[in-house]
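Scroll down for the structure; my scribbles are underneath it.
We number each residue from 1, following the sequence as shown. Computed from a predicted structure; not experimentally measured. Just so you know, these numbers use all the heavy atoms, side chains as well, and skip hydrogens, waters and symmetry mates.
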Amino acid sequence: MLMDRNNSALLIVDMQERLLPHIGDWQRILENALWLTRVAQRLGVPVMASEQYPKGIGHTHAELASLLPPEAIAEKTHFSCAAAQCLTVLAGNERRQAVICGVESHVCVLQTALELRWEGKEVFVVADAVGSRRTADRDLALARMRGHGVEIVSREMVAFEWLKRAGTDEFRDVSKDFLR
């Protein structure tokens, strides 16, 4: 199954100021989440974000939050966005495909991905835009999600599948700005 921008929403899970510095290779994960957000916005794909207990962990990283309207960010205390039902109020939740990036891979990303999959959504987790404090936890989470039917993809897979074809003005613009 391919990602289709008309049926996809990008979900950014818990990319919060106080949590990110504890995640392995967090700067790269943040950069990839920013890149995905900008590509999604350029192509008209809705972007949603969650914040796990922001009173304790803080809010979405400022650079990422600056790209999103406040109504695109939902708070939660459940680890899973699906269990928290925080996505139901966000634009894009009605789409059948969820493309997920964020932290931590083995906790909130995993639980959200599995529950969205069980609810019948097509779920894609962007491997180069998810992380955990320990690499082993990230790797186990990706393997477990794959075993339950979650597609594990890269950020460029997302962009190219959303674009579908070369030779268009849109492809040239996105390629120039994002795919150099």
Could you walk me through whether Arg133 and His106 pass the side chain to side chain contact (heavy atoms under 4.5 Å, CB included) test, one step at a time?
CA-CA 10 Å; Arg133 286 165 286 147; His106 67 294; 4.1 Å; yes

Would you mind reporting whether [Y] and [X] have side-chain heavy atoms less than 4.5 Å apart?
| X | Y | result |
| --- | --- | --- |
| Leu68 | Ile73 | yes |
| His61 | Glu17 | yes |
| Leu64 | Leu34 | yes |
| Met1 | Glu151 | yes |

Over all heavy atoms of both residues, which pair between [X] and [Y] is shortest? Give the atoms and the distance, please.
| X | Y | result |
| --- | --- | --- |
| Cys81 | Val13 | SG-CG2, 4.4 Å |
| Asp128 | Arg28 | O-NH1, 2.9 Å |
| Ala40 | Val47 | CB-CG2, 3.7 Å |
| Ala33 | Ala129 | N-CB, 4.4 Å |

Could you check whether any side-chain N or O of [X] sits under 3.5 Å from a backbone N or O of [Y], counting only pairs where one atom can act as donor and the other as acceptor?
| X | Y | value |
| --- | --- | --- |
| Gln41 | Val39 | no |
| Arg138 | Ala127 | yes |
| Gln97 | Phe124 | no |
| Glu104 | Ile23 | no |
| Glu63 | Leu30 | no |
| Ser105 | Gly131 | yes |
| Gln52 | Asp14 | no |
| His78 | Ser80 | no |
| Glu122 | Leu2 | no |
| Arg42 | Glu170 | no |

Output, in order, the C-alpha distance, side-chain angles, deciding distance and verdict of side chain to side chain contact (heavy atoms under 4.5 Å, CB included) for Met145 and Val109.
CA-CA 10 Å; Met145 288 184 276; Val109 171; 4.2 Å; yes

Measuring from atom [atom1] of [X] to atom [atom2] of [Y], what distance do you get when rounded to the nearest 0.5 angstrom?
| X | Y | atom1 | atom2 | result |
| --- | --- | --- | --- | --- |
| Leu10 | Arg38 | CG | CZ | 12.5 Å |
| Glu115 | Leu110 | CD | CG | 9.5 Å |
| Leu87 | Ser50 | CG | OG | 7.0 Å |

May I ask whether Leu114 and Val103 are part of the same hydrophobic cluster, defined by side-chain heavy atoms of I, L, V, M, F, W, Y residues being less than 4.5 angstrom apart, directly or through others?
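No, Leu114 and Val103 fall in different hydrophobic clusters.
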
Should Leu142 and Met15 be regarded as members of a common hydrophobic cluster, given that ILVMFWY residues are connected when their side-chain heavy atoms come within less than 4.5 Å of each other, either directly or indirectly?
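Leu142 does not cluster with Met15.
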
One pair to check against side chain to side chain contact (heavy atoms under 4.5 Å, CB included): Arg144 and Val150. What are the steps and the verdict?
CA-CA 9 Å; Arg144 185 172 175 202; Val150 172; over 6 Å; no

Is there a side chain to side chain contact (heavy atoms under 4.5 Å, CB included) between Met48 and Val89 once you walk through the steps?
CA-CA 10 Å; Met48 308 178 287; Val89 299; over 6 Å; no

Using the side-chain hydrogen bond (donor to acceptor under 3.5 Å, both in side chains) definition, which of the options His59, Lys76, Gln16 pairs with Glu51?
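Result for side-chain hydrogen bond (donor to acceptor under 3.5 Å, both in side chains) with Glu51: His59.
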
Name every donor-acceptor pair, under 3.5 Å, that has one atom in a side chain of residues 155-163 and the other anywhere in the protein, sequence neighbours excluded.
| unit_1 | atom_1 | unit_2 | atom_2 | d |
| --- | --- | --- | --- | --- |
| Arg155 | NH1 | Asn32 | OD1 | 2.9 |
| Glu161 | OE1 | Met3 | N | 2.8 |
| Trp162 | NE1 | Ser8 | OG | 3.2 |

Parallel, tilted or perpendicular: rings of Trp35 and Phe178 (30°, 60°)
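Ring orientation of Phe178 relative to Trp35: perpendicular.
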
Test log, rule salt bridge (charged side-chain N to carboxylate O under 4.0 Å, His left out), inputs Lys176 and Asp173
CA-CA 5 Å; Lys176 177 179 60 103; Asp173 287 344; 5.0 Å; no

